[in-house]
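Written out below as structure tokens is the structure these notes cover.
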Amino acid sequence: MKITVLDGYGMNPGDMSWDSLTEIGEVTVYDRTVPAEILERSKDSDALLTNKVAIGRSVMEALPRLKYIGVLATGYNVVDVVAARERGIVVTNVPAYSTDSVVQMTLAHLLNITNRVGHYAEQNRKGRWSGNADFCYWDTPLPEIAGKTMGIVGLGSIGMKVATMARCLGMDVFAYTSKESATLPEGIQKTTLDGLLGASDILSLHCPLTDTTRGMINRDTLGRMKPGAILINTSRGQLVDENAVAEALTSGHLAGYGADVMCEEPPAEKNPLFAAPNAFITPHIAWATREARQRLMNTAVANIRAFAAGRPVNVVNR
């Protein structure tokens, strides 16, 4: 089997080994692939592995040997799964590998906004505490999150674990979810989107990007949120209207925005969020802990091994 990895650098920038993949077939790994390079690099490939390189119908039609596409992520919108099904090409993904890491980043953003640890550490490097007249100082609000209401959009594996952690931190938890109320753990209350917007001191997004959820956080929905609420997005950038979020931060309606994802990645240098007060943006790294990436590698290899054995798993286009 000839296996081509089109953009392996994101998952493995050099701190892991591809050896387990080479046990399955002949492997060629490219760090990055631009659209004009896809066909030349993929010709004669039986299997492609991709993270962000899009594999559409025209690419599949030009690759008659292609029988397998493994997405090195949970989301698989980079592949035209309908075209793949029509051509008998198996498409797999890697579910739930980054749950703990994304939950960790969600809480990191929340605690950064409330406690501003980085801000005070930087001030103290500049000597502010050393020259202070009192034993302490603060120049930002320091809200206690215990007793606050955490609203969660989406209760998949990540949203559910965020809810559990929020409860451990003393927060009340409401959720906008397709799950039935009777199936939810104790302490998580189902509500409508309007109910969630009005109740949440902290709103955290953990839903997939669909036609329904695209742009769900916009001027209208932001206006229905509590003044001074905090918004966290570690899911998909396109869930929010970034201009509207920047305006809400500038006006003070939002107290803070913590995001690990943006509508365009890499983002434009003049994206309004970079100039907005209390916007804290990390470069899509919630998934990228060493532990999560190793799980991703292990499952990606297991997926292609199962396909080679005639028993494919984690198939998304049956």
Side-chain angles (χ1 to χ4, degrees), residues 1-98 102 208-209 235-238 261-262 264-266 283-288 292-308 312-318:
M1 180 186 296
K2 184 175 179 180
I3 304 167
T4 301
V5 183
L6 292 172
D7 53 347
Y9 187 86
M11 179 179 75
N12 180 15
D15 58 349
M16 297 189 297
S17 171
W18 294 101
D19 288 352
S20 56
L21 194 60
T22 62
E23 296 170 2
I24 303 171
E26 175 190 347
V27 179
T28 302
V29 179
Y30 296 100
D31 284 347
R32 303 169 187 85
T33 297
V34 300
E37 297 170 327
I38 295 173
L39 293 183
E40 178 61 28
R41 291 182 172 185
S42 303
K43 66 181 181 183
D44 301 326
S45 296
D46 302 291
L48 295 178
L49 297 185
T50 178
N51 188 325
K52 293 292 184 288
V53 177
I55 309 297
R57 181 180 296 272
S58 62
V59 171
M60 297 179 208
E61 291 174 347
L63 301 173
R65 286 186 52 173
L66 185 62
K67 292 291 180 269
Y68 176 89
I69 301 172
V71 181
L72 301 174
T74 301
Y76 49 88
N77 55 301
V78 296
V79 178
D80 185 335
V81 292
V82 173
R85 185 187 307 118
E86 291 172 358
R87 299 186 65 82
I89 298 170
V90 171
V91 181
T92 67
N93 73 335
V94 182
Y97 72 93
S98 63
V102 176
L209 179 65
S235 185
R236 293 290 183 267
Q238 295 93 334
V261 289
M262 299 191 78
E264 179 184 333
E265 297 176 350
H284 205 145
I285 54 172
W287 68 282
R293 288 186 294 108
Q294 188 62 64
R295 286 191 292 271
L296 175 57
M297 172 75 83
N298 294 346
T299 304
V301 171
N303 282 351
I304 198 166
R305 196 184 298 278
F307 168 76
V313 296
N314 293 320
V315 178
V316 298
N317 69 324
R318 292 188 187 278

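All values reported here derive from a predicted model rather than from experimental measurement.
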Check against side-chain contact (heavy atoms from CB on, under 4.5 Å), Ile3 and Thr28: CA-CA 6 Å; Ile3 304 167; Thr28 302; over 6 Å; no
Verdict with reasoning, Asn303 to Asn314, per side chain to side chain donor-acceptor pair (under 3.5 Å): CA-CA 7 Å; Asn303 282 351; Asn314 293 320; 2.9 Å; yes
Derivation of the side-chain contact (heavy atoms from CB on, under 4.5 Å) call for Trp18 and Val5: CA-CA 10 Å; Trp18 294 101; Val5 183; 3.9 Å; yes
Worked verdict on Val91 versus Val315 for side-chain contact (heavy atoms from CB on, under 4.5 Å): CA-CA 6 Å; Val91 181; Val315 178; 6.0 Å; no
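Here Leu21 contributes atom CG and Glu26 contributes atom CD; the two are 11.5 Å apart, rounded to the nearest 0.5 Å. A distance of 6.5 Å separates CG in Leu48 from CG in Leu63, rounded to the nearest 0.5 Å. Here CD of Glu264 is found 10.0 Å from CD of Gln238. Values are rounded to the nearest 0.5 Å. One distance of note links CG of Leu66 with NZ of Lys43; it measures 15.5 Å at 0.5 Å rounding. The CZ atom of Phe307 lies 5.5 Å from the CE atom of Met1; values are rounded to the nearest 0.5 Å.
Checking side-chain atoms of Glu37 against main-chain N and O of Val34 turns up a donor-acceptor pair under 3.5 Å. Side-chain N or O atoms of Asn51 include none that pairs as donor or acceptor with a backbone N or O of Asp7 at under 3.5 Å. In this structure a side-chain-to-backbone donor-acceptor pair under 3.5 Å is missing from Ser42 to Ser45. With Arg295 contributing its side chain and Tyr97 its backbone, the two residues share a donor-acceptor pair below 3.5 Å.
Applying the side chain to side chain donor-acceptor pair (under 3.5 Å) rule to Thr92 yields the partners Tyr68; only residues at least two apart in sequence or on another chain are considered. Asp19 pairs by the salt bridge (charged side-chain N to carboxylate O under 4.0 Å, His left out) definition with nothing, not counting sequence neighbours. Under the side chain to side chain donor-acceptor pair (under 3.5 Å) criterion, Glu61 pairs with no residue, sequence neighbours left out.
In this structure the side chain of Met16 reaches within 4.5 angstrom of the side chain of Met11, judged on heavy atoms. At a threshold of 4.5 Å between non-hydrogen side-chain atoms, the residues Trp287 and Thr74 do not count as touching. His284 places none of its side-chain heavy atoms less than 4.5 Å from the side chain of Met262. Between Ile69 and Ile89 there is a side-chain heavy-atom pair separated by less than 4.5 Å. Side-chain contact check for Leu6 versus Leu49: every heavy-atom pair is 4.5 Å or farther apart. Using a 4.5 Å cut-off on side-chain heavy atoms (C-beta onward), Lys67 and Val90 make no contact.
Scanning all heavy atoms of the two residues, the minimum distance from Gly56 to Asp80 falls at CA-CB, 4.1 Å. Of all non-hydrogen atoms in Met60 and Arg87, the two that sit nearest each other are O-NE, 3.5 Å. Across all non-hydrogen atoms, the minimal contact from Asn317 to Ala84 is ND2-CB, 3.6 Å. Residues Ala62 and Leu39 share a closest heavy-atom pair of CB-CD2, 3.8 Å. Taking each heavy atom of Ala300 and Leu72 in turn, the nearest pair found is CB-CD2, 3.6 Å. Residues Ala47 and Ile304 approach most closely at CB-CD1, 3.7 Å, considering heavy atoms.
Annotation: Arg293, atom CZ; neighbour count of heavy atoms from other residues, nucleotides and ligands within 6.0 Å is above 12.
Using a 4.0 Å cut-off between charged side-chain N and carboxylate O, Glu265 and Lys52 make no salt bridge. For Glu23 and Arg305, the salt-bridge test passes: some basic side-chain N is under 4.0 Å from an acidic carboxylate O. Ionic pairing of Asp46 and Arg65 is present here: one or more N-O contacts between side-chain nitrogen and carboxylate oxygen are shorter than 4.0 angstrom.
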